[in-house]
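The structure appears below as structure tokens.
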Amino acid sequence: MVFCDVYATLVLSSKNRMVNVVMPLPIFYLFFNFGAATDILAVICLKSEDGVIMLKLPKQELMSLISELRRLGFEVIAPTRSNETVRLAALSSPSDLETDYIRIINSPRDFLLPSREPLFRYRSTATVTSYGLKIRFPTVEGPCPVTIVPEYTPPKVKIAFFGIHPCMANSIRYLDKVMLSEPADPYYKARREDMFVAVLECEEGDQYCLCKTVESYKVPEGYADLMIRRGGDGFLVRSRSKRGDELLASLKRGEVAGKPKDLVPRLKEEYAFDRTDEAGIDERDASEYVGACTLCASCTVTCPTCYCSDIEDKFSLMDPSNVERSRVRMSCQRRCYSMIAGGTTFLNTKEARFKWRLKHKFPFSERAYQLVGCVGCGNCIAFCPARIDFRKFLGRRVA
Amino acid sequence: METKTLRLTLINWRADFLPGQFVQLLLPGVGEAPFCITSSPSDPKHIELTILRRGLVTTASQYIRPGDAVGIRGPLGRPFPLDRFHGRDVLLVATGIGIAALRSLILYILENRKKFKEVTLLYGARFPEDLVYRDEIKSWAEHVKVMVTLSKATEQWSGLRGRVTDHLKEVSLHKDLVAVVCGSPAVMESITNELIKYGLSSENIYVSLERHMKCGIGKCARCLIPGGLLVCKDGPVFSASEISIKAIGE
Ligand SMILES: Cc1cc2nc3c(=O)[nH]c(=O)nc-3n(C[C@H](O)[C@H](O)[C@H](O)COP(=O)(O)OP(=O)(O)OC[C@H]3O[C@@H](n4cnc5c(N)ncnc54)[C@H](O)[C@@H]3O)c2cc1C
Ligand code: SF4
Ligand code: SF4
Ligand code: FES
């Protein structure tokens with residue numbers, strides 16, 4: 001339309017019917033100013049011809065979005081602070097939301113793909129006698145004493161990540177590539193399906209962030225329902241999905257704050273490296289980097305995209321017939337990751353393991369999914385007790 | 001080497017598998033481990049596994065008695081590309097328990113003998129008692145050329161002595177031959193290199209790789225190999241041209 005490039009969608013209630021009305025912004029203000037004959041339920045979203053525009057909210061209203069998500073049945077997972085550490089946790093109160101942080105120690109992975117996940121239980125025929133544990137295998141004759149009751153219940157949860165940074169939203173995209181490729185993992189899928197994501201954009205990173213190198217400060221389509229950024233003494237919010245529109249519709253107030261410009265975070269250091277060069281990683285000498293490595297595996301524990309796992313069949317000696325199979329997180333930094341029967345250990349030096357992690361993040365993932373496995377959060381550097389900085393090994397500093 | 005071959009009857013299902021594929025064997029209360037299917041694909045109601053005693057599952061499986069119930073997940077993985085073997089000379093090289101990965105293929109070849117030209121099995125072990133399928137091998141020898149060599153032979157041993165690589169020169173190796181190599185990683189790497197030296201192209205050399213597999217369906221990253229391939233999904237059978245030869249033994 002010629003006279004205006006900003007439109008508002010209103011939900012009006014008229015004789016108990018809900019009506020959606022799209023109108024140019026000046027007319028929208030008329031409704032506000034003169035009070036329409038109908039009740040304005042909410043401003044759902046404001047659209048300009050070339051995209052969405054933002055709403056300005058005080059923090060109180062931001063927290064009301066959390067309450068609304070909880071009312072809709074979501075478990076809201078958001079950054080919370082205890083002492084110096086900020087971590088994602090299920091919010092018990094919206095006021096626990098921490099919005100002033102750069103780095104979280106855990107990641108959405110820990111909720112979508114928990115570090116220990118029971119897959120199913122089954123009953124075996126093991127018994128404990130005074131002579132010790134006796135495992136008799138079940139037989140097929142007669143009533144089969146083993147019941148593999150695959151108590152298979154994909155988790156029923158609706159998770160809303162609220163206030164995660166763009167790198168973390170990107171990590172979900174990588175996990176999707178792995179876990180939802182055929183055959184899709186039913187446990188992950190069940191958690192993932194109803195997920196809601198409200199991204200808190202970053203203005204500034206710390207000395208470990210590398211999101212500009214891997215371009216993960218942008219959030220691709222489908223990985224954010226809401227985009228939130230700081231603005232003045234409040235927050236600027238825009239919707240990026242239908243569910244985001246619906247959530248904003250619950251707001252009581254909010255003022256239009258113009259169109260968003262791309263927000264590129266300021267980083268302290270910037271690096272450039274080749275993401276596909278496997279041979280280059282092999283050839284380079286990593287001894288100066290891994291010398292101080294303590295093999296603690298923090299790099300893989302805090303990485304939002306590390307997913308590798310082990311399978312455990314476990315029972316208690318008190319009830320040995322009741323077996324639980326779980327998937328537990330593994331790490332390529334551990335020796336048993338790559339040991340096969342016969343004793344061959346493919347990754348048998350610190351250097352081989354350090355390089356393996358980088359090969360998996362970059363060339364291997366590029367090849368398998370056309371997507372790098374590093375989302376640039378910098379956790380593997382920040383939480384490394386020896387501060388081993390893979391960016392320096394892989395590339396060169398450019399800023 | 002302590003090995004045991006289990007013959008499993010599938011209840012209410014059939015496994016349509018091809019030589020080279022594997023299954024995950026579940027022993028209730030003990031755990032799960034991957035094993036190559038060693039029986040012939042012409043019988044989808046049965047699966048045979050040959051298991052070398054090593055750790056938890058492999059030891060427990062030595063105590064299985066007829067009639068016991070176990071669980072199977074599979075068939076998993078990519079089989080040998082049989083159509084690429086048809087009408088050609090085939091060399092099968094196995095060391096140690098590696099022979100298990102080849103038995104299904106050998107049985108397939110015996111049942112479809114006319115589809116293949118000259119077939120040679122070169123099988124190496126250390127001690128005479130390490131030889132798996134000792135009695136069966138005699139009947140295989142009626143249809144294909146079999147060479148068994150022992151690196152730690154006793155005095156009574158009348159067959160070949162030394163490592164398999166010592167006997168490669170006795171096989172007529174030529175460009176059009178397809179070779180399949182199974183054994184420990186280091187041995188597979190050295191045999192592959194040896195075969196390339198004899199003029200075989202890496203596309204015609206196949207290996208079956210072993211990694212510490214857990215899920216078998218591409219979700220646990222335990223079977224990643226250099227190049228970013230997954231042994232459980234992209235393999236376990238690879239031609240030496242698809243992977244770096246160092247990756248075989250690394
Ligand atoms: C595709 C494939 C086919 C195989 N085929 C055969 C076969 O036909 N016959 C045979 O005897 N063996 C075969 N193996 C090896 C067999 O899987 C291991 O011997 C077995 O997993 C060891 O299990 P365990 O519980 O007895 O050992 P554990 O007590 O768990 O450990 C003993 C040793 O085995 C290694 N190991 C444990 N789990 C695995 C695993 N899932 N994969 C590989 N190594 C592991 C450990 O690192 C350790 O070195 C195959 C392996 C693969 C990957
Ligand atoms: S590799 Fe390091 S920087 Fe990249 S996503 Fe993992 S923890 Fe973050
Ligand atoms: S192999 Fe290493 S880098 Fe890859 S997912 Fe596992 S722990 Fe992370
Ligand atoms: S065995 Fe899990 S990815 Fe291959």
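We name chains A, B, ... by the order of the sequence lines, and we start the count at 1 in each one.
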What part of [X] gets closer than 4.5 Å to chain B, counting heavy atoms only: side chain, backbone, both or neither?
X: A:C306; value: neither
X: A:M330; value: side chain
X: A:E312; value: neither
X: A:S181; value: both
X: A:R329; value: neither

Can a donor-acceptor pair be found, under 3.5 Å and without considering hydrogens, that links the side chain of [X] to the backbone of [Y]?
X: B:H212; Y: A:S338; answer: no
X: A:E278; Y: B:G227; answer: yes
X: B:R222; Y: A:S309; answer: yes
X: B:K219; Y: A:P183; answer: yes

Spacing of [atom1] belonging to [X] relative to [atom2] belonging to [Y], to within rounding of 0.5 Å:
X: A:R325; Y: B:L26; atom1: CZ; atom2: CG; answer: 5.0 Å
X: B:C215; Y: A:L119; atom1: SG; atom2: CG; answer: 11.0 Å
X: B:R211; Y: A:T344; atom1: CZ; atom2: OG1; answer: 9.0 Å
X: B:C220; Y: A:Y337; atom1: SG; atom2: OH; answer: 8.0 Å

- What heavy-atom pair brings B:V30 and A:D313 nearest, and what distance separates the two atoms?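 For B:V30 versus A:D313, the nearest heavy atoms are O-CB, 4.2 Å.
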- Query: Which heavy atom of A:F346 sits nearest a heavy atom of B:P185, and at what distance?
  - Reply: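 Where A:F346 meets B:P185 most closely, the heavy atoms are CZ-CG, 3.9 Å.
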Give a yes or no on whether [X] atom [atom1] has more than 12 heavy-atom contacts from other residues, nucleotides or ligands under 6.0 Å away.
X: A:R335; atom1: CZ; answer: no
X: B:R53; atom1: CZ; answer: yes
X: A:K177; atom1: NZ; answer: no
X: B:R14; atom1: CZ; answer: no
X: B:K45; atom1: NZ; answer: yes
X: A:R334; atom1: CZ; answer: no
X: B:R126; atom1: CZ; answer: no

- Query: Do the non-hydrogen side-chain atoms of A:K359 and B:L224 ever get within less than 4.5 Å of each other?
  - Reply: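 Side chain of A:K359 against side chain of B:L224, heavy atoms only: no contact under 4.5 Å found.
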- Item | Winner by heavy-atom pair count (cut-off under 4.5 Å) against chain B, out of A:N348, A:I311, A:I340 |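 When all of A:N348, A:I311, A:I340 are compared, A:I340 has the most.
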- Message: If you apply the rule side-chain contact (heavy atoms from CB on, under 4.5 Å), what do you find for B:I217 with A:E182, and how did you get there?
- Response: CA-CA 9 Å; B:I217 51 172; A:E182 273 306 310; over 6 Å; no
- Selection from B:T58, B:D234, B:I225 maximising heavy-atom pairs under 4.5 Å formed with chain A: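 Most heavy-atom pairs under 4.5 Å with chain A: B:I225.
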